[in-house]
Amino acid sequence: MRIPVVDLKAQYRRIRVEVDAAISTVLESGNFILREQVCSFEQAFAAWCGADDAVGTSTGTAALRLALLACGVKAGDEVITVAHTSVATVTAVEQCGARVVLADIDPVRMTMDPISAHKRITKRTRAILPVHLYGCPADMVSLTRLAEERGLMVVEDCAQGHGASLNNRRVGTWGRAGAFSFYPTKNLAAYGDGGAVVTSDPQVAQGVRLLRQYGWDEERTSGVKGGNDRLDEMQAAILRVKLRHVDAWNARRRELAGLYTRLLTGSRPVLPKEPEGGVHAWHQYVVRCKGREGLRAHLAEQGIQTLVHYPVPVHLHPAYADLGYKKGDLPETERVAQEVLSLPLHPEMSDEQVQEVCAAIWSLTG
Ligand SMILES: *Cc1c(COP(=O)(O)O)cnc(C)c1O
């Protein structure tokens with residue numbers, strides 16, 4: 001593909017000197033697990049998010065699971081989330097033993113619809129888990145108000161929302177905890193797997209620290225049962241380098257998204273909008289288009305790669321049939337899944353490439 005959706009090699013070439021130095025520092029130190037790199041990264045990432053603490057984890061899925069567990073979610077509890085997301089969101093809830101309850105989405109934001117969430121609350125509901133999908137902040141004003149009224153916890157899936165905010169408050173700091181992923185294609189990314197829980201609740205931070213390493217305290221005594229969900233020193237050192245660049249990268253994403261919107265206004269696809277008072281992290285630039293497959297094929301013919309996040313909502317995956325939902329239960333979610341198309345967007349992209357994608361869209365759809 002001439003215009004790929006992401007270009008991780010181009011990014012590495014631009015920061016090679018810093019990354020190579022960071023990796024060699026770790027190699028020379030002889031320390032690979034839970035030492036100064038992880039500790040320094042946690043402090044820097046918490047400060048960047050505007051939270052008191054951050055705890056590094058092995059993946060974003062682990063961050064979600066440990067955040068929920070540390071907040072006290074347990075077997076028999078219900079957690080309300082969405083089906084228009086990565087299956088990882090739902091898996092993490094199930095791994096806590098909790099029951100997944102799915103709310104529909106607001107089709108403009110493509111994030112949890114607070115009215116639908118409200119309708120799904122039962123006596124057993126313990127937490128609400130909104131997803132800041134594509135980097136668009138969910139309606140946290142309504143969702144945190146709803147949670148407060150009903151005595152529920154909020155845990156945020158921020159895997160696509162690094163740097164997104166609402167009313168000058170970053171995602172991950174609205175709920176009791178926020179879970180981030182540093183999967184290689186995310187806005188802030190490792191060269192491998194990684195994740196973090198962000199929180200200003202010392203009990204939650206402590207809980208995640210215990211759970212991520214066998215439940216060990218400082219004497220290596222397990223007061224609680226835990227597995228191995230650690231972030232490693234190498235990835236933490238890489239993340240410290242990249243954290244210095246992420247604001248500039250997000251600013252470039254914003255410029256490119258603005259260019260897409262300017263050039264595509266008036267064309268057939270429905271364009272993404274930044275919510276009022278919100279800052280979108282532009283993890284993806286996702287348009288909605290009836291007859292999506294035709295547009296995808298047309299772009300592919302011209303060497304333009306696109307992706308669909310996500311073609312099948314979680315409740316319609318065979319493995320999740322046991323959640324008890326059927327086709328038609330989440331109408332907005334199911335409609336959106338048929339229409340969404342993620343256009344190429346990454347900080348290394350040129351204005352000319354965006355212009356080319358837009359010209360190709362106009363030439364087919366008008
Ligand atoms: C990437 C992602 C995850 C999972 O993160 P991993 O690091 O791959 O485990 C969870 N939720 C959403 C919305 C994601 O995009």
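By convention here, the first residue in the shown sequence is residue 1. Both counts, for ligands and for their atoms, begin at 1 and track the order of listing.
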Is any side-chain N of the basic residue among Glu18 and Arg244 closer than 4.0 Å to the acidic one's carboxylate O? yes
Donor-acceptor pairs are to be reported for all side-chain atoms of residues 183-190 against protein atoms at under 3.5 Å, with residues two or more places apart or in another chain.
{"unit_1": "Asn187", "atom_1": "OD1", "unit_2": "His283", "atom_2": "ND1", "d": "2.9"}
{"unit_1": "Asn187", "atom_1": "ND2", "unit_2": "Asn250", "atom_2": "OD1", "d": "3.0"}
{"unit_1": "Asn187", "atom_1": "ND2", "unit_2": "Ala281", "atom_2": "O", "d": "2.8"}

Please set out all donor-acceptor pairs under 3.5 angstrom arising from side-chain atoms of residues 60-67, sequence neighbours excluded.
{"unit_1": "Arg65", "atom_1": "NE", "unit_2": "Gln95", "atom_2": "OE1", "d": "3.1"}
{"unit_1": "Arg65", "atom_1": "NH2", "unit_2": "Asp229", "atom_2": "OD1", "d": "2.8"}
{"unit_1": "Arg65", "atom_1": "NH2", "unit_2": "Asp229", "atom_2": "OD2", "d": "3.4"}

Classify the ring geometry between Phe41 and Phe45 as parallel (under 30°), tilted (30 to 60°) or perpendicular (over 60°). parallel
With sequence neighbours excluded, residues passing side chain to side chain contact (heavy atoms under 4.5 Å, CB included) with Arg126: Val73, Lys74, Asp77, Met153
Which N or O atoms of ligand 1 sit under 3.5 Å from a protein N or O, and how far apart is each pair?
{"unit_1": "ligand 1", "atom_1": "5 (O)", "unit_2": "Ser181", "atom_2": "OG", "d": "3.2"}
{"unit_1": "ligand 1", "atom_1": "7 (O)", "unit_2": "Gly60", "atom_2": "N", "d": "2.8"}
{"unit_1": "ligand 1", "atom_1": "7 (O)", "unit_2": "Ser181", "atom_2": "OG", "d": "2.6"}
{"unit_1": "ligand 1", "atom_1": "9 (O)", "unit_2": "Gly60", "atom_2": "N", "d": "3.3"}
{"unit_1": "ligand 1", "atom_1": "9 (O)", "unit_2": "Thr61", "atom_2": "N", "d": "2.9"}
{"unit_1": "ligand 1", "atom_1": "9 (O)", "unit_2": "Thr61", "atom_2": "OG1", "d": "2.5"}
{"unit_1": "ligand 1", "atom_1": "11 (N)", "unit_2": "Asp157", "atom_2": "OD1", "d": "3.4"}
{"unit_1": "ligand 1", "atom_1": "11 (N)", "unit_2": "Asp157", "atom_2": "OD2", "d": "2.8"}
{"unit_1": "ligand 1", "atom_1": "15 (O)", "unit_2": "Gln160", "atom_2": "NE2", "d": "2.8"}
{"unit_1": "ligand 1", "atom_1": "15 (O)", "unit_2": "Lys186", "atom_2": "NZ", "d": "2.6"}

Side-chain contact, heavy-atom cut-off 4.5 Å: His118 with Glu149? no
